[in-house]
Chemist: 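The structure that follows is given in the form of structure tokens.
A, B, ... follow the sequence lines: proteins, then strands. Residue 1 opens every chain. These numbers come from the heavy atoms of this one structure, side chains and all, not from hydrogens, waters or symmetry mates.
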Amino acid sequence: MKKKLALALLLLLFLLLPFVITSSYVIRIGVISCIFSILALSLGMLVGQIKLVSAGHAAFFGIGAYTSALLTTRVELPFLGGLVSAILLTALIGFLFSIPILKLKGHYLSVGTLAFGIVVQVIMLNWESVTNGPNGVPGVPFPSLFGAELDSDVKMYYFVLVLLVLVLLGLSRLYRSPIGRAFNYIREDEVAASTIGIRVVRYKVLGFTLSAGLAGLAGSLFAHYMAFINYDTFSPMESFMVLAMVVVGGMSTLMGPVLGAFILSTLPELLRDLSDYRMLLYGVILVLILLLRPQGILGKKAS
Amino acid sequence: MIVLEQLINGLALGGVYALIALGFTLIFGVLRLFHMSHGDVFMFSGYLVISVAVFGFGSLPLPIAILLGMAIAAVIGMGVERVAFRPYRKSNEIIPLISGIGMSLILQNLAILIWGPGQINYHLESGIGDFKLGSIQMSGVRIVILLACVVIVFLFNYWLYKTRTGRAVRATAIDPETASMMGIRPTMIILITFAVGSALAGAATVLVGALYGAIYPSFGFSMGLKAFAASMLGGLGNMTGAVLGGLILGVLEVFTAGYVNVAYQDAIAMTILIGVLLIRPNGILGKSVEEKL
């Protein structure tokens with residue numbers, strides 16, 4: 001009960017934020033943090049719930065971003081069409097990719113996903129007729145919902161915040177459902193899970209598909225908010241940063257990835273005044289957080 | 001005959017990949033962890049060697065430069081182990097992974113601070129010019145690189161299989177608990193593993209310097225990924241596999257760049273990696289280390 005109250009208060013705080021702080025810079029960081037929270041949550045489902053360490057998640061984020069950006073700029077599909085297509089296409093690619101890749105286990109799975117991430121980035125860079133190569137896709141329109149343009153940082157902030165809350169509610173239900181429990185059995189002991197009748201591969205494929213779709217949602221939001229995307233954002237390093245968000249926050253908790261995403265998205269901005277030393281300190285802080293709380297900030301100590 | 005020239009070019013590049021992959025796979029073999037900042041140790045030692053060799057002395061003979069690179073890299077590698085990996089010896093495998101990425105960020109940005117974000121061009125003398133063998137144009141630098149790689153791999157093998165320390169390292173890789181019961185101190189062994197693994201990268205950084213004559217801060221990350229792919233291709237934790245994987249990757253890249261399209265150089269290597277993983281999930285020579293059942 002205490003936890004619910006705390007979460008409700010936190011949500012209220014976030015809802016009131018634009019009234020207290022009017023700086024569009026702060027709101028911008030808020031929007032980015034919410035988008036990365038959704039991305040981190042999608043990876044958290046794989047890493048924290050099923051113990052599938054994917055090191056190529058930026059690929060799904062990127063596929064979502066490109067799908068939405070290209071459909072709305074080239075075909076002039078409305079925003080919602082782009083968003084839904086982005087989710088469906090990334091989910092489909094996640095599904096198709098998961099069937100062969102899930103034969104791999106542990107470290108080998110991470111490598112397979114990493115390689116996938118690199119291949120996707122190279123395609124983004126080189127398939128010029130579609131992705132416009134290194135120049136990326138400019139002029140991605142603001143999201144518009146039923147005639148209302150989300151053309152300001154504050155409007156966008158509320159939109160992504162609502163989506164984030166919806167994703168959180170959905171995931172919290174999912175994790176408590178039989179599917180979520182099956183995920184956790186698989187995480188704890190795959191062999192034991194299969195002996196009690198859990199179809200391990202099916203659940204893994206399901207998890208991968210859902211996770212990819214969710215990353216596609218984050219990608220679409222990112223493209224429409226930034227108005228410009230190119231291959232550079234969807235690098236292997238980005239995949240690792242998302243993984244870092246999940247781990248820093250606490251990987252098997254629901255809110256962990258969100259906290260991790262907020263910390264690691266805000267930190268570079270807080271350090272901005274230190275210009276040259278910024279990313280160096282970022283690395284130091286990342287190492288320090290792990291040193292002080294290896295289980296993640298919200299994670300429970302392993303017994 | 002161009003094919004043969006390309007093959008030599010590929011083997012020289014592959015030899016360098018092999019050295020980095022060998023260190024990577026040695027560390028994986030002993031600790032069962034991906035050393036994500038291995039490429040950055042490679043890059044950082046490269047900068048230090050250039051600073052000492054090119055900007056300090058004007059030039060250094062290649063063998064001395066290689067030894068210098070190995071020594072510098074060994075020290076950096078041990079430092080990285082102490083800071084980023086030792087605290088997590090008993091924890092979940094994903095935490096050292098992230099900690100390694102933190103370390104990678106630190107080294108990369110330290111390099112940017114010290115040497116600037118741009119590319120630095122320099123020249124390392126290999127001592128041999130190009131020469132002709134029949135109708136084949138041989139590149140002297142590449143032959144020297146290839147030979148150096150062979151010698152280093154040979155010495156490494158001797159160390160690992162014939163010396164006491166090498167045996168202790170292998171014993172720890174196979175069964176850390178029994179090894180420690182036999183009086184082998186794991187902390188010491190891990191430190192040695194990092195020193196030797198990094199020294200191989202330190203040799204590679206000098207050789208790749210002789211090959212390209214240029215370095216930039218994110219060079220390590222991309223070379224690290226290549227070495228990672230190479231060691232996977234051969235089979236994780238398998239030393240012969242790492243060398244084989246490095247050579248295959250180098251040759252594939254040069255041929256892709258030469259006969260298909262330079263742009264797809266990286267992608268084809270990675271695609272083939274995925275293919276190999278799907279057909280032989282443990283790499284060409286690998287045995288499964290994940291499942292003991």
Side-chain angles (χ1 to χ4, degrees), chain A residues 47-48 51 53 55 97 100-101 103-123 125-126 128 133 190-191 235-237 239-241 243-248 251 276-292 294-296 299 302, chain B residues 28 32-34 36-37 83-84 87-88 90-113 218 221-222 225 228-229 231-232 236-237 261 263-278 281-283 286 288-291 293:
Chain A
V47 177
K51 206 174 169 190
V53 181
F97 178 65
I101 203 74
K103 286 184 191 149
L104 305 176
K105 300 225 154 60
H107 284 113
Y108 292 88
L109 177 73
S110 316
V111 180
T113 51
L114 177 67
F116 173 74
I118 295 171
V119 170
V120 169
Q121 201 200 8
V122 172
I123 293 174
L125 179 60
N126 290 301
E128 294 206 13
E190 219 179 294
V191 180
S235 63
M237 197 61 187
S239 294
F240 288 133
M241 292 326 290
L243 204 50
M245 290 172 184
V246 175
V247 174
V248 161
M251 57 184 146
D276 287 350
Y277 297 90
R278 182 165 78 106
M279 289 314 285
L280 177 66
L281 271 174
Y282 183 81
V284 171
I285 292 173
L286 187 58
V287 170
L288 277 181
I289 294 177
L290 290 174
L291 205 59
L292 298 174
Q295 73 275 34
Chain B
F28 179 85
R32 293 282 178 271
L33 70 79
F34 286 146
M36 293 312 296
S37 38
V83 176
Y88 312 114
K90 294 244 178 318
S91 54
N92 190 326
E93 66 191 29
I94 188 178
I95 293 163
L97 190 79
I98 302 297
S99 167
I101 288 160
M103 208 59 223
S104 161
L105 281 174
I106 293 174
L107 287 173
Q108 256 184 63
N109 289 286
L110 213 54
I112 293 176
L113 274 180
S218 61
F221 190 72
S222 60
L225 283 181
F228 187 43
S231 54
M232 281 305 302
L236 262 182
N261 186 340
Y264 289 101
Q265 192 172 328
D266 294 355
I268 290 213
M270 288 298 160
T271 312
I272 288 170
L273 174 65
I274 294 185
V276 169
L277 282 175
L278 295 182
N282 302 314
S288 174
V289 289
E290 301 294 341
E291 278 185 301
L293 288 175

Chemist: Report which part of A:L114 has an atom under 4.5 Å of a heavy atom belonging to chain B: side chain, backbone, both, or neither.
Modeler: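 Answer is side chain: those atoms of A:L114 sit under 4.5 Å from chain B.
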Chemist: Where on B:I112 is there a heavy atom nearer than 4.5 Å to chain A: the side chain, the backbone, both, or neither?
Modeler: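 Answer is neither: B:I112 stays 4.5 Å or more from chain A.
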Chemist: Taking ring-ring contact (aromatic ring centres under 6.0 Å, His included) as the test, write out the residues that go with B:Y88, two or more places apart.
Modeler: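 Checked B:Y88 against ring-ring contact (aromatic ring centres under 6.0 Å, His included); zero matches.
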Chemist: CD1 of A:I118 to CG of B:L225: how many Å apart, nearest 0.5 Å?
Modeler: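 Interatomic distance, A:I118 CD1 to B:L225 CG, rounded to 0.5 Å: 4.5 Å.
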Chemist: Determine which pairs satisfy side chain to side chain donor-acceptor pair (under 3.5 Å) with at least one residue from residues 96-108 of chain B, sequence neighbours left out, and list them in order.
Modeler: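 Side chain to side chain donor-acceptor pair (under 3.5 Å) check on residues 96-108 of chain B returns B:D40-B:S104, B:D40-B:Q108.
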Chemist: Among A:G283, A:A244, A:A55, which has the most heavy-atom pairs under 4.5 Å with chain B?
Modeler: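 Option with the top pair count is A:G283.
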Chemist: Which heavy atom in A:M237 sits nearest to a heavy atom in B:L105, and how many Å separate them?
Modeler: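 Reported closest heavy-atom pair: CE-CD2, 3.5 Å.
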Chemist: Measure A:V248 against the heavy atoms of chain B and call it side chain, backbone, both or neither at under 4.5 Å.
Modeler: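 For A:V248, no heavy atom lies under 4.5 Å from chain B.
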Chemist: What part of A:V284 lies closer than 4.5 angstrom to a heavy atom of chain B: side chain, backbone, both or neither?
Modeler: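 For A:V284, backbone and side chain are both near chain B.
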Chemist: Exactly one of B:I95, B:L97, B:I101 should register a side chain to side chain contact (heavy atoms under 4.5 Å, CB included) with A:V247. Which one does?
Modeler: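 Going through the options one by one, the only one that passes is B:I95.
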